[in-house]
Amino acid sequence: MDNVFEALNERGFIKQVTNAEQVTRLLAEKQVTYYVGFDPTASSLHVGSLVPIMAMAHLQRAGHKPIAIIGGGTTMIGDPTDKTEMRPMLSKEQISANGKGILAQLQRYLNLDNTLVNAGNSQTPSRVGGFFNNADWLLSINYIEFLRDIGKHFRVNEMIRAEGYKQRLERELGLSFLEFNYQLLQAYDYLYLFREYGCRLQLGGDDQWGNILAGVDLVRRIEAERVHAVTFPLLTTASGAKMGKTAGGAVWLDAERTSPYEFYQYWINVDDRDVSRFLAYFTFLPIDEVRRLGSLEDEAIREAKEVLAYETTRLAHGKAEADKARTASRAAFGGGNLDEAEMPTSVIAAERLNAGIPIMALFHEVGLANSRSEARRLVQQGGAYINEKQCRSIDMVVGTDLLEDNALLLRAGKKRYHRIVLKEN
RNA sequence: GGGGGUAUGCUAGAGCGGUCAAAUAGGGCAGACUGUAAAUCUGUUGGCUAUGCCUACGGUGGUUCGAAUCCAUCUGCCCCCA
């Protein structure tokens with residue numbers, strides 16, 4: 001097997017490791033079962049989850065066996081290290097529905113079976129991974145047993161020294177007992193997966209370091225076995241923003257929430273300074289190619305961005321969609337003809353247009369403005385276009401006289417398009 | 001259980017009883033400049049049938065000609081004591 005750990009490190013995936021040498025050796029010697037936890041609060045993952053996903057994919061390609069966990073059980077508690085957002089309580093049904101959506105997305109990157117897989121031994125050659133909801137084993141836990149078997153291995157002194165808890169204790173926020181237990185449950189996950197599936201490596205965001213280590217310790221104490229932890233650097237964009245957020249909210253992997261074209265555009269529009277890092281993280285291009293593209297400067301960097309956008313879109317949505325998105329993007333910004341098929345389109349009844357629609361209403365209706373007032377501002381400030389002609393009059397009424405090929409092309413600002421076609425009846 | 005504090009727009013955070021749709025910063029949007037980048041500059045940023053009207057400053061009820069601003073009460077959060 002290749003030296004995956006080295007490869008991951010070279011691509012920037014590694015922030016902390018329990019023991020780099022041992023992990024390198026472990027991954028070189030035999031097939032390793034490893035796991036990553038995902039948050040089941042939404043039915044789709046967003047680009048922020050792409051770091052762990054790509055890391056998992058690299059490992060699987062190198063012959064190792066992934067397990068993805070959704071934290072249906074742990075979500076019911078709420079991770080105190082993520083104190084910015086209150087997590088909503090989700091029903092079991094909701095969580096498993098979300099799990100299905102997440103699984104479908106993971107399967108684009110990983111070979112995962114949704115039933116498990118070679119229970120209990122990592123010796124089998126199968127590389128097919130597993131996908132579980134930790135609620136399956138956490139919900140049935142008996143409190144007294146848990147305290148006695150698991151709880152006794154945790155020293156409160158140590159726990160409150162951990163950064164995540166420490167901050168909460170020092171700040172005014174306080175920490176509920178419920179949250180204080182989060183770490184135990186996550187540690188128990190690791191123990192469970194070690195016992196059942198021989199899992200020996202857990203990966204996660206760097207904010208999870210403490211929680212993952214708790215699991216490593218627990219396995220050592222109870223099973224007297226050495227298992228490992230690897231964390232990824234927390235990704236922010238060069239401008240300091242959280243990865244994957246745009247004006248419209250998160251960039252989702254689900255094509256329903258974020259169209260392949262928007263997805264593609266997200267990557268095209270990344271900050272110059274992020275390009276080479278992102279190529280290493282989010283594509284499978286050989287590292288030499290990543291370096292070559294990353295070294296491009298000024299205008300030439302657009303080539304690198306195009307590769308980044310194309311590759312990421314291809315991974316998330318497939319080649320056909322990526323091709324379409326690239327064509328559409330080139331057309332929209334390269335001066336060529338716009339590809340109508342790629343644009344958000346709505347249908348409008350012919351008689352409505354005959355009667356005339358106020359421009360503000362039109363922009364609002366198709367979603368290029370969130371309200372009529374916003375549409376009004378857009379027009380007043382010169383950001384509204386119909387068929388590439390700027391419209392600055394808020395009194396303008398759009399009628400059939402503006403039709404071109406029986407359609408209207410609306411544009412808001414530089415990048416947002418919407419096409420309207422007429423429906424005769 | 002006792003005492004104290006706080007609650008404002010997307011976020012942070014000002015706000016004398018009238019001139020408050022609410023300072024300021026960040027964010028967002030639009031324009032200029034560009035490379036579909038960054039930085040910079042400018043405008044804008046509750047809604048609407050729009051020189052006016054409606055809805056908003058945790059909930060409810062008061063005082064007042066008039067309340068985001070005062071009082072009561074409820075709720076949430078925080079701090080101190082137990």
Side-chain angles (χ1 to χ4, degrees), chain A residues 78 80 83-86 167-176 179 236-251 259 261-279 293-310 312-313 325-336 338-339 342-343 355-386 388-397 410-418:
Chain A
K83 60 230 171 237
T84 46
E85 278 165 65
M86 268 278 276
Q167 281 180 14
R168 279 290 291 269
L169 288 170
E170 283 169 1
R171 303 251 163 90
E172 303 113 30
L173 285 167
L175 182 69
S176 74
E179 293 169 314
T236 50
T237 62
S239 50
K242 221 178 187 177
M243 174 78 199
K245 301 283 187 204
T246 63
V251 179
S259 73
Y261 177 73
E262 290 172 276
F263 188 85
Y264 184 93
Q265 285 298 320
Y266 171 77
W267 298 104
I268 284 285
N269 285 317
V270 298
D271 196 304
D272 285 8
R273 293 166 291 177
D274 290 325
V275 172
S276 82
R277 269 160 75 225
F278 285 6
L279 281 165
L293 290 167
S295 66
L296 296 174
E297 282 177 4
D298 300 322
E299 281 194 52
I301 204 167
R302 281 157 61 209
E303 180 197 337
K305 287 186 181 180
E306 193 174 74
V307 173
L308 174 67
Y310 182 77
T312 50
T313 308
R326 182 167 63 185
T327 307
S329 177
R330 280 180 179 166
F333 297 98
L338 294 168
D339 182 354
E342 267 316 292
M343 229 171 275
I357 303 171
I359 184 166
M360 288 166 7
L362 193 63
F363 272 79
H364 176 217
E365 193 174 316
V366 301
L368 289 174
N370 289 324
S371 68
R372 289 190 183 204
S373 295
E374 197 176 303
R376 167 188 295 261
R377 268 173 239 129
L378 192 69
V379 173
Q380 282 171 340
Q381 298 184 26
Y385 298 79
I386 295 179
E388 296 302 323
K389 259 183 48 206
Q390 194 177 45
C391 303
R392 300 201 72 134
S393 164
I394 56 168
D395 300 320
M396 180 171 172
V397 173
L410 305 187
R411 173 154 73 92
K414 290 194 181 70
K415 301 178 188 174
R416 288 146 56 220
Y417 286 90
H418 196 102

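Lettering of chains follows the sequences in order, A, B, ..., and the numbering in each one begins at 1.
Rounded to the nearest Å, the gap between the P atom of B:A22 and that of B:C71 is 26 Å. Comparing the same atom, P, in B:G15 and in B:G58 gives a spacing of 15 Å after rounding to whole Å. Separation of the C1' atoms belonging to B:C57 and B:A7 is 10 Å when rounded to the nearest angstrom. Between B:U11 and B:G28, the distance separating the two C1' atoms is 11 Å to the nearest Å. The gap from the C1' atom of B:U63 to that of B:A50 amounts to 35 Å, rounded to the nearest Å. Only the C1' atoms considered, B:A39 is 35 Å distant from B:G47, to the nearest whole Å. On the P atoms, B:U75 is 49 Å away from B:C41, given to the nearest whole Å. Taking the P atom of each, B:A25 and B:U44 are spaced 13 Å apart, rounded to whole Å.
Here the closest non-hydrogen pair linking A:Ala384 and A:Phe363 is CB-CZ, 3.8 Å. The minimum heavy-atom distance linking A:Arg411 with A:Lys414 is given by the pair NH1-CA, 3.6 Å. Pairing each heavy atom of A:Ala369 with each of A:Arg416, the nearest pair is N-NH2, 4.5 Å. Taking both residues in full, the closest heavy atoms of A:Leu368 and A:Leu410 are given as CD1-CB, 3.7 Å, listed atom of the first, atom of the second, then distance. Minimum heavy-atom separation, A:Ile359 to A:Cys391: CD1-CB, 3.6 Å. The two atoms that bring A:Gly294 and A:Ser276 nearest to each other are CA-CB, 3.5 Å, heavy atoms only.
Atom CZ in A:Phe363 sits roughly 12 Å away from atom P in B:A30 (whole-Å rounding). For A:Asp395 and B:U49, the CG to P distance is 13 Å, given to the nearest whole Å. Remark: P of B:U34 and CD of A:Glu299 are 11 Å apart, rounded to the nearest angstrom. Here B:A38 presents its P atom at 13 Å from CZ of A:Phe278, a figure rounded to the nearest Å. Distance CZ (A:Arg392) to P (B:U44): 13 Å, rounded to an integer number of Å. Taking atom CD of A:Glu374 as the reference point, atom P of B:A30 lies 9 Å away to the nearest angstrom. The separation between A:His364 atom NE2 and B:U49 atom C1' is 15 Å, rounded to whole Å. Rounded to whole Å, atom C1' of B:U51 lies 11 Å from atom CZ of A:Arg376.
Comparing atom distances between the A:Lys414 side chain and each of B:A30, B:U36, B:C33 picks out B:C33 as nearest. Distance from the side chain of A:Ile268 is smallest for B:U36 among the nucleotides B:G35, B:U36, B:A30. Picking from B:U36, B:C48, B:A37 the nucleotide with the shortest atom distance to the side chain of A:Gln265 gives B:U36. Checking B:G47, B:U36, B:C29 against the side-chain heavy atoms of A:Arg377 singles out B:G47 as nearest. With B:A37, B:A50, B:G31 as the candidates, the nucleotide lying closest to the side chain of A:Tyr385 is B:G31. In this structure, the nucleotide among B:U36, B:G47, B:A50 sitting nearest to the side chain of A:Ser371 is B:G47. If you check B:A38, B:U36, B:G35 against the side chain of A:Asn269, the one that comes closest is B:U36.
Nucleic acid contact for A:Val270: sugar-phosphate only, since backbone atoms but no base atoms lie under 4.0 Å from a heavy atom of the residue. Note on A:Gln380: nothing from the nucleic acid sits closer than 4.0 angstrom, heavy atoms only.
For B:G43, its base sits under 3.5 Å from the side chain of A:Gln381 at one donor and acceptor pair at least. A donor-acceptor contact under 3.5 Å is not formed by the side chain of A:Ser373 with the base of B:U45.
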Watson-Crick or G-U pairs under 3.5 Å in RNA chain B, rendered as dot-bracket with [ ] for crossing pairs and | for another strand: (((((((..(((.....[.....)))((((((.......))))))(((...)))...(((((..]....)))))))))))).
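For the pair A:Arg273 and B:A38, the criterion of a side-chain N or O lying under 4.0 Å from OP1 or OP2 is not met. For B:A37, the OP1/OP2 oxygens have a side-chain nitrogen or oxygen of A:Lys415 closer than 4.0 Å. Phosphate proximity of B:A30 to A:Arg416: present, with a side-chain N or O under 4.0 Å from OP1 or OP2. The phosphate of B:A50 has neither OP1 nor OP2 within less than 4.0 Å of any side-chain N or O from A:Arg372.
With respect to the salt-bridge test (charged N to carboxylate O, under 4.0 angstrom), the residues A:Glu306 and A:Arg326 do not qualify.
Between the side chains of A:Lys305 and A:Asn269, no donor-acceptor pair of N or O atoms lies under 3.5 Å. Under 3.5 Å, the side chains of A:Glu262 and A:Ser259 contain a donor-acceptor pair of N or O atoms.
The 5' end of RNA chain B is approached more closely, in terms of each residue's nearest nucleotide, by A:Gln390 than by the other of A:Gln390 and A:Asn370.
For the side chain to side chain contact (heavy atoms under 4.5 Å, CB included) with A:Trp267, the qualifying choice from A:Leu279, A:Leu308, A:Asp274, A:Val251 is A:Leu308, the only one to do so.
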